[in-house]
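In this chain, numbering begins with 1 at the start of the sequence shown.
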Amino acid sequence: MRKITFFLLLAMTFIANAKTTVIWENLGNNKDASGENFYIQRFTIKGNIDKINRLCFNQFARQMKPLNSVDSVVEIVPGYYYLTSPQFGSKADSVVIDIRVKGTLAAICYAPDGIHTVDSRGLTSSVKYTRRSIIERPNQWSIEGKDRMPYGDDIYRINESLVCNDPISIYDVIPSFKSVKLIGGNYEGNGEVKSQPISHENPEFYRITISTDNVLIEYASEKALNIANRVLTTHNYIPGDGTPLPCAVIEDYPDLPYRAIMIDIARNFQRVSDMQTIVQMLARYRLNTLHFHFCDDEAWRLEIPGLPELTNVGARRGYTLDERNHLVQIFAGNGDPNTAEGTANGYISRDEFINFLRYCKEYGIDVVPEIESPGHARAAIKSMEARYRNTGDATYRLIEDGDTSRYTSAQAFHDNVMNPALPGPYKFMEKVIDELITMYREAGATLTAIHIGGDEVPRGAWNGSKAAQELINTKKLDGEKGLHAYFVRQLAKILSQRGIKMNGWQEIAVGHTPEYNAEIAPLVGGVNCWSTLPSHGHGGVTREAVNAGYPIILSNVNHFYLDMMYNYHPLEKGLNWGGTVDEFNSLAGYPAQLCPTDETTKGRIVGISGQVFAETMRSFPQLQSFLLPKMLGLAERAWNNSATYTPAQFNNIICNKELPRLAVRGWNFHLRQPGIIVENGMVKMNSPYPGAVIRYTIDGSEPTLKSPIYTEPFTAKASQIRARLYYLGQQSVTTILNK
């Protein structure tokens with residue numbers, strides 16, 4: 001009897017502590033009689049219903065309406081919502097809430113995330129969250145009557161085009177060397193490497209001579225020597241892995257001095273240890289700059305001495321209706337602003353950052369920090385408002401009391417812009433800039449530039465500000481556009497006085513007067529131009545900026561935004577507002593095509609940058625899969641501006657050399673899909689990677705590691721065949737045969 005009582009109590013305790021389960025599903029994309037696109041998303045909530053007051057979730061800002069009028073959906077801020085229902089708080093076993101959402105569900109990253117409950121006391125609890133498949137029926141992925149699913153026959157043809165049987169030389173690497181000349185014989189030395197400086201017009205030029213008994217590096221600078229030594233170790237040349245190493249002379253140098261990846265740790269946090277791995281990736285592929293996007297609307301991730309609110313408030317996200325002590329939850333989380341789980345919370349301390357800068361220096365990587373301003377500043381604004389409330393110190397306030405401006409930012413915020421007519425923004429920026437300078441000095445690292453953001457200031461941002469309108473009238477500025485330019489001018493002066501170049505997004509360089517350009521262009525280190533659309537009647541944005549005298553960093557969305565989906569498969573992670581980007585899109589990003597120059601503008605293309613914005617990021621492995629192998633195409637094109645490898649040759653090297661090495665290092669990477677076609681009644685499948693395993697099903701179910709392995713063509717009467725690729729510990733999304 002005692003045993004029965006004990007186990008009964010144990011079971012009751014388990015039930016009491018069991019998490020609420022939430023199951024989400026997309027019932028299908030539709031179009032109503034008025035032509036409006038919509039879909040129905042269903043939440044099925046089970047367990048602990050009596051303890052639920054609200055069910056909160058994150059989702060990209062959408063117009064939503066419950067199908068049942070007794071249920072409610074409330075927007076806390078754009079992207080963060082809660083559901084209420086009269087069934088919450090009851091003894092019901094489960095609750096089903098159907099929501100009509102305006103638009104279409106394009107991919108899994110647009111589904112809800114960050115689901116948690118709130119009880120009547122305002123306390124939060126995490127849930128067990130499950131998403132049902134969104135590739136069961138075509139109406140789950142077709143968009144506005146268009147079906148963008150990459151089906152098996154299309155993938156089959158792509159995979160066929162990537163077949164390359166060319167032998168791979170030990171000197172076929174990514175990025176490719178400028179010149180390799182075989183001189184006969186094999187290296188038989190003991191691993192000793194000698195080096196000597198030489199004079200060359202390109203400071204990153206190096207020459208490696210591998211003779212039968214020695215290795216000599218000739219280099220134009222210490223930076224070039226660092227690159228050459230890393231080439232030897234990266235590619236196992238010295239002492240080697242047992243493979244005969246032909247004697248050769250390698251001559252190499254980059255075509256562009258700025259070769260970068262931008263990592264956004266503001267939207268979703270990445271820890272220092274993970275950022276160190278990113279630095280290793282950059283150095284491995286001869287990139288030389290980390291564009292460090294540490295703050296944005298959604299968080300501030302770097303400790304700034306004297307402004308503790310930036311991290312006490314701005315680096316913490318969770319459930320709140322007033323944001324007095326922390327920010328609202330955005331993108332993901334469990335409602336707890338103090339949890340260390342996931343990517344919602346966290347920041348890099350001052351000491352951590354100094355050590356990180358030293359680490360980057362060891363790998364030859366410059367770090368360009370970005371302080372988003374005057375837009376994309378919501379986290380800073382909320383943090384400085386908390387400082388003002390708690391201390392009464394208005395020194396660093398970024399907004400004006402009584403401002404009635406009404407605007408909507410690109411990310412649907414209405415309160416994310418600093419006011420350039422106030423003294424606070426300039427004092428704030430000076431404070432952050434000076435603290436950054438001090439950290440770099442202590443680290444012994446070079447601060448090549450500070451990026452000020454400068455992008456996406458929405459219309460109407462200052463039309464209700466008394467101070468802004470007075471400044472516009474006093475200075476005779478060209479409205480809000482002129483006020484924005486005024487702000488950029490002030491920051492350029494602040495940085496110039498400290499001997500630092502100013503970087504920014506394309507808005508700081510397009511649509512301005514010749515007088516503005518003449519003043520600002522000489523103070524700028526680089527302008528990240530991402531748009532390929534015409535601007536202000538002057539042709540492409542990048543071309544306009546080049547003609548205005550600015551140094552340009554090619555950052556085109558359709559080639560170098562690495563956070564875009566690899567393709568339109570609904571289960572591929574990433575955004576798609578700028579299309580899709582894979583390793584071959586980045587490989588095809590030729591500077592001469594993206595921004596033709598002439599004799600008057602020659603030399604103004606100074607670099608290429610790949611961007612990883614983190615709205616959809618939920619883990620470091622996911623970040624790695626966005627980078628690899630996409631960044632390999634970018635690395636090849638940044639180092640060699642002219643054509644080198646064909647896509648098939650490039651894929652051959654990626655498959656046979658790069659992916660196996662990445663797997664050995666334990667780095668995550670993305671796999672392409674298998675192809676499926678039916679020819680003469682026979683089902684055929686192919687892979688872009690020789691040696692990869694294809695597993696398939698013929699009943700419409702998802703392939704798993706227990707599914708049959710494809711070995712040869714077969715006959716099948718099944719109405720739906722699906723396949724998935726497995727290679728080096730990774731797996732692809734599922735390929736569907738039928739349309």
Is it true that Glu309 and Arg389 make a salt bridge, defined as a side-chain N closer than 4.0 Å to a carboxylate O?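 No salt bridge links Glu309 with Arg389.
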Fit a plane to each ring of [X] and [Y], take the angle between them on a 0 to 90° scale, and name the class: parallel (under 30°), tilted (30 to 60°) or perpendicular (over 60°).
X	Y	value
His116	Tyr319	perpendicular
Trp300	Phe294	perpendicular
Tyr426	Phe487	tilted
Phe353	Phe292	parallel
Phe356	Tyr359	parallel

Side chain of [X], backbone of [Y]: donor and acceptor closer than 3.5 Å?
X	Y	value
Ser405	Asp403	no
Glu372	Asp296	no
Lys630	Val581	yes
Asn503	Gly526	yes
Asn419	Ala468	no
Arg259	Arg286	yes

Are any of the side-chain heavy atoms of [X] and [Y] separated by less than 4.5 Å?
X	Y	result
Val524	Val527	yes
Arg498	Ile450	no
Ile76	Leu321	yes
Ile371	Leu436	yes
Leu623	Ile278	yes
Asp274	Phe269	no
Ile348	Arg301	no

For Tyr81, give me all partners under ring-ring contact (aromatic ring centres under 6.0 Å, His included), at least two apart in sequence or on another chain.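 Applying ring-ring contact (aromatic ring centres under 6.0 Å, His included) to Tyr81 gives Phe57.
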How about Trp505 and His291: are their ring centroids closer than 6.0 Å?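 Close enough - the centres of the two rings lie under 6.0 Å apart.
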One pair to check against salt bridge (Lys or Arg N to Asp or Glu O under 4.0 Å): Glu362 and Arg358. What are the steps and the verdict? CA-CA 6 Å; Glu362 289 178 9; Arg358 291 171 179 153; over 6 Å; no
Determine the sole option in Glu298, Glu323, His414 for which the side-chain hydrogen bond (donor to acceptor under 3.5 Å, both in side chains) test with Arg378 is passed.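 In the set Glu298, Glu323, His414, the residue that makes a side-chain hydrogen bond (donor to acceptor under 3.5 Å, both in side chains) with Arg378 is Glu323.
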Review item, side-chain donor-acceptor pairs of residues 455-463, under 3.5 Å, at least two apart:
| unit_1 | atom_1 | unit_2 | atom_2 | d |
| --- | --- | --- | --- | --- |
| Glu456 | OE1 | His376 | NE2 | 2.7 |
| Trp462 | NE1 | Met418 | O | 2.9 |

For [X] versus [Y], what's the shortest heavy-atom pair and its separation?
X	Y	result
Leu287	Ile365	O-CD1, 3.3 Å
Glu400	Ser465	OE1-OG, 2.5 Å
Thr542	Cys529	OG1-CB, 3.3 Å
Asn668	Ser625	ND2-CB, 3.7 Å
Ser619	Gln270	O-NE2, 3.8 Å
Val118	Cys56	CG2-SG, 3.7 Å

To the nearest 0.5 Å, tell me how far Arg350 CZ sits from Thr438 OG1.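 Rounded to the nearest 0.5 Å, the CZ-OG1 separation comes to 6.5 Å.
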Would you say Asn325 has more than 12 foreign heavy atoms packed within less than 6.0 Å of its CG?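 For Asn325, atom CG is not crowded (no more than 12 foreign heavy atoms under 6.0 Å).
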